[in-house]
Amino acid sequence: MAGFWSLQGCKPKGAGSAAGGDASKTFIAPGKYDEFYNFVSGGFSGQMSVYGIPSGRLFRVIPVFSVDPEKGYGYSEETKAMLNTSHGFVPWDDLHHIALTLTNGEHDGRWAFGNANNTPRIARIDLKTFKTAEIIEIPNSAGNHSSPFITENSEYVVAGTRFSIPMGENQDVPINTYKENFKGTVSFISVDKTTGGMKIAFQIQTPGVNYDLARAGKGKSHGWMFFSCYNSERANTLLEVNASQKDKDFIMCVNWKKAEEYVKAGKAVKKSVKYAHNVYDDSKHMATSTIENEVLMLDPKDCPDMIYYMPCPKSPHGCDTDPTGEYIVGSGKLAAVIPVFSFTKIQQAIAAKNFDGDYEGIPVLKYEAVLHGEVQKPGLGPLHTEFDANGNAYTSFFVSSEIVKWNVKDLKVLDRVPTYYSIGHLSVPGGPTKKPHGKYVIAYNKITKDRYLPTGPELAQSAQLYSIDGDKMKLLLDFPTIGEPHYAESIPASLIMKNSTKIYKIEENKNPYAALGDKFARVERKGNEIHVYMTSIRSHFTPDNIEGVKLGDIVYFHVTNLEQDWDVPHGFAVKGANNAELLIMPGETQTLAWKPERVGVYPMYCTDFCSALHQEMQGYIRVSPAGSSVPLTFSTGKTEPAATEKKATEQPK
Amino acid sequence: MKEADISLTTPLDQAKVTTGKATYELKCQSCHRLTAEKLVGPGWLDVTKRREPLWIMNMITNVDMMLEKDPEAQKTTGTMYG
């Protein structure tokens, strides 16, 4: 097989016959569960998606960096603050990579992190609730791509700049002064062991290159972080050509334990910056956004032995550490070999000062001195590598559209399978940890031509699942994903499902606008604000008839879902609202703001099919002209007999 | 819940009445009025005259067991649990 595919050139022909699909291995009988959760970046959707493996079934799209009208995320008053930044409210971003928390280098199933590429941020998702719990903006950054990658005990997630930028007081500089004025940074964000709370512990200022991906050391290399970078040419235009001049770019090796010592010793400089830190409170069901003003910056000039550059061929993308922590695999996007570096040799080279000069004052390690070896003729365009528990590596090849399996120690190619097409990242369950779970490798592809029924100019995004149990990788399943899948991680379902939140306890609801029982349901006027404290339960709202709203008022519907039963959210929508719906989980309170623009009677209803009488779960709110004398009234289950009599006096003249 | 778990006093323990009322308002009232009015569930007017305390407590706190085992409870399904 190996020889056969390599003869086919870049794009495997006759892909249909090549796909020895074994879909029966991916069938999950009703009542059974998938073996793994698969957390997949949603790319330019800004969200994170959750699939079952091996079935490839989509379970949930978690709103993270983009508004989601379906869930009211970014639309409800409680969630708007999650998307606040130093640039104000940002409704969209581009989420590329996933990092699941680790304890002793193994998955612990507590939190998932995702990066916002465009307006640099890191988000933490709570794997009990599958909700975004926290978002922190990264100052001194642009194109937050080499993020988030996590250390062995979740001490830090890191965030590196793809774009270097001018920093400091004068940022109004000519673009062609790049070499002089533009700098990169990498940020180390600490993660609180108990709460998961994030804090930017320190940043390191570096030469103005483009950081692409990263991986933490593990085991013997714990305490180090590796960042791949391109554009060591420091070009500021036509990077396609100008950043591909040098034969080798770098992997930056950061001794972060050393960096911690320098911070403790007071070597870091306080930089004045502005960034948002947004936290969602699960008892208040509400986010708060705080603007922070300071960050600690380390300059390598003041901190010897903290960072080194390691030459790596041709604009590297992946820089992946194997489960033992000894080997670091570089993947040059235009390279014809895969270099594998040895952590032991890196330490020896540093001790012996076996340098190949320096780059902007940073020592450059001698390539031959730190190299374990090169995988010869692996394929074209290596991008990213993950590992199984048996000493094997799986590397994705964008240009030749394939996954290649090879042995980390002897560097021999063992097997190769085609992907359809132009694979980016791949993912082995537990592949980036000290103890890979193995069994499968999943390909996340960039091009889908001819795989699915056509849907106009844009085709479905795609993933492919392969079995890696035997000597030969076998295609099992081809499944579409939301756009665009970059990196993903898979984790055994047993680590997550037992902790999954079923309801929010109504007794613990601390939302200041909650109506904890019908007794507290009410409507209040505060100037031109109308606050509706509403409850919902199968199958009515209280109150469901409201009068006395006037044009010019803003109506806040604070809807509390009194249900205490799993999987019974209620929705809430009102006609004409320039807003989304609310989707309120059992025990939760959410608020929809509505500014009516016309006089009339507006229907409102539950949008999430909740019961046999869901269709009956509806109500009305009456909007009268400004200056009307209609009194503010509200009720459920009552029709005032005097309503027709009142009419004559209520009508505005 | 067993008979022995329930102790009724005369007069009623006011502390229990207070917490019970708060629980009722938070978790029951949306569907069960204290009048005879039927919403999703029946009104509770005079329920203490129709049913024994043990039956009421189990119907509230252990409804699945009741619907499985108790003939009186089974009769209520389809008739607003009354």
Side-chain angles (χ1 to χ4, degrees), chain A residues 283 502-511 513-522 532-545 558-566 568-570 572 584 586-589 606 610-619 634-639, chain B residues 1 5-6 12-48 50-51 53-70 73-82:
Chain A
S283 62
K502 292 189 166 73
I503 58 162
Y504 296 102
K505 285 188 181 156
I506 189 76
E507 299 90 333
E508 293 168 9
N509 183 325
K510 299 280 186 286
N511 187 301
Y513 299 101
L516 298 181
D518 280 6
K519 187 186 165 186
F520 304 99
R522 64 199 187 277
V532 179
Y533 299 81
M534 183 183 267
T535 65
S536 63
I537 197 160
R538 285 164 284 181
S539 301
H540 61 272
F541 295 108
T542 306
D544 69 1
N545 278 210
H558 309 288
V559 186
T560 300
N561 181 351
L562 293 177
E563 304 280 357
Q564 292 288 274
D565 191 5
W566 196 15
V568 189
H570 288 293
F572 178 84
I584 314 123
E588 196 180 43
T589 302
C606 172
C610 58
S611 72
L613 298 180
H614 161 72
Q615 198 73 348
E616 281 75 1
M617 194 165 174
Q618 62 176 56
F634 57 93
S635 62
T636 292
K638 273 186 228 155
T639 300
Chain B
M1 189 167 278
D5 299 332
I6 297 171
L12 292 167
D13 181 342
Q14 281 308 306
K16 284 187 178 173
V17 169
T18 306
T19 50
K21 189 160 178 283
T23 303
Y24 165 77
E25 284 166 354
L26 180 61
K27 295 192 164 178
C28 314
Q29 189 185 28
S30 293
C31 303
H32 301 276
R33 297 295 194 239
L34 296 178
T35 64
E37 185 187 5
K38 286 180 181 178
L39 296 179
V40 176
W44 285 354
L45 185 72
D46 289 342
V47 69
T48 51
R50 293 195 302 276
R51 304 288 184 192
L54 179 66
W55 195 94
I56 295 172
M57 291 300 286
N58 272 328
M59 204 58 184
I60 291 171
T61 60
N62 205 2
V63 70
D64 288 343
M65 181 277 285
M66 289 292 275
L67 290 176
E68 194 183 319
K69 292 185 177 164
D70 185 272
Q74 286 162 0
K75 277 188 209 164
T76 65
T77 58
T79 63
M80 297 288 275
Y81 301 100

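A note on names: the letters A, B, ... follow the listed sequences, proteins ahead of strands, and every chain is numbered from 1. For the numbers below, each heavy atom of this structure counts, side chains included, while hydrogens, waters and symmetry mates do not.
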> Taking it one step at a time, do Gln29(B) and Ile537(A) satisfy side chain to side chain contact (heavy atoms under 4.5 Å, CB included)?
Replying inline: CA-CA 10 Å; Gln29(B) 189 185 28; Ile537(A) 197 160; over 6 Å; no
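Other residues, nucleotides and ligands place no more than 12 heavy atoms under 6.0 Å from the CD atom of Gln615(A). Within a 6.0 Å sphere centred on OH of Tyr513(A), other residues, nucleotides and ligands contribute 12 heavy atoms or fewer. Atom CE of Met57(B) is surrounded by 12 or fewer heavy atoms from other residues, nucleotides or ligands within 6.0 Å.
Annotation for Arg33(B) and Asp518(A): closest pair NH1-OD2, 3.7 Å, computed over non-hydrogen atoms.
The residue from Leu516(A), Ile506(A), Leu562(A) that alone fulfils the side chain to side chain contact (heavy atoms under 4.5 Å, CB included) condition with Lys27(B) is Ile506(A).
Using a 4.5 Å cut-off between heavy atoms, Glu563(A) makes no contact with chain B at all. Of the two parts of Thr560(A), neither the backbone nor the side chain holds a non-hydrogen atom closer than 4.5 Å to a non-hydrogen atom of chain B.
Considering only heavy-atom pairs separated by less than 4.5 Å from chain A, the leading option among Ser30(B), Cys28(B), Cys31(B) is Ser30(B).
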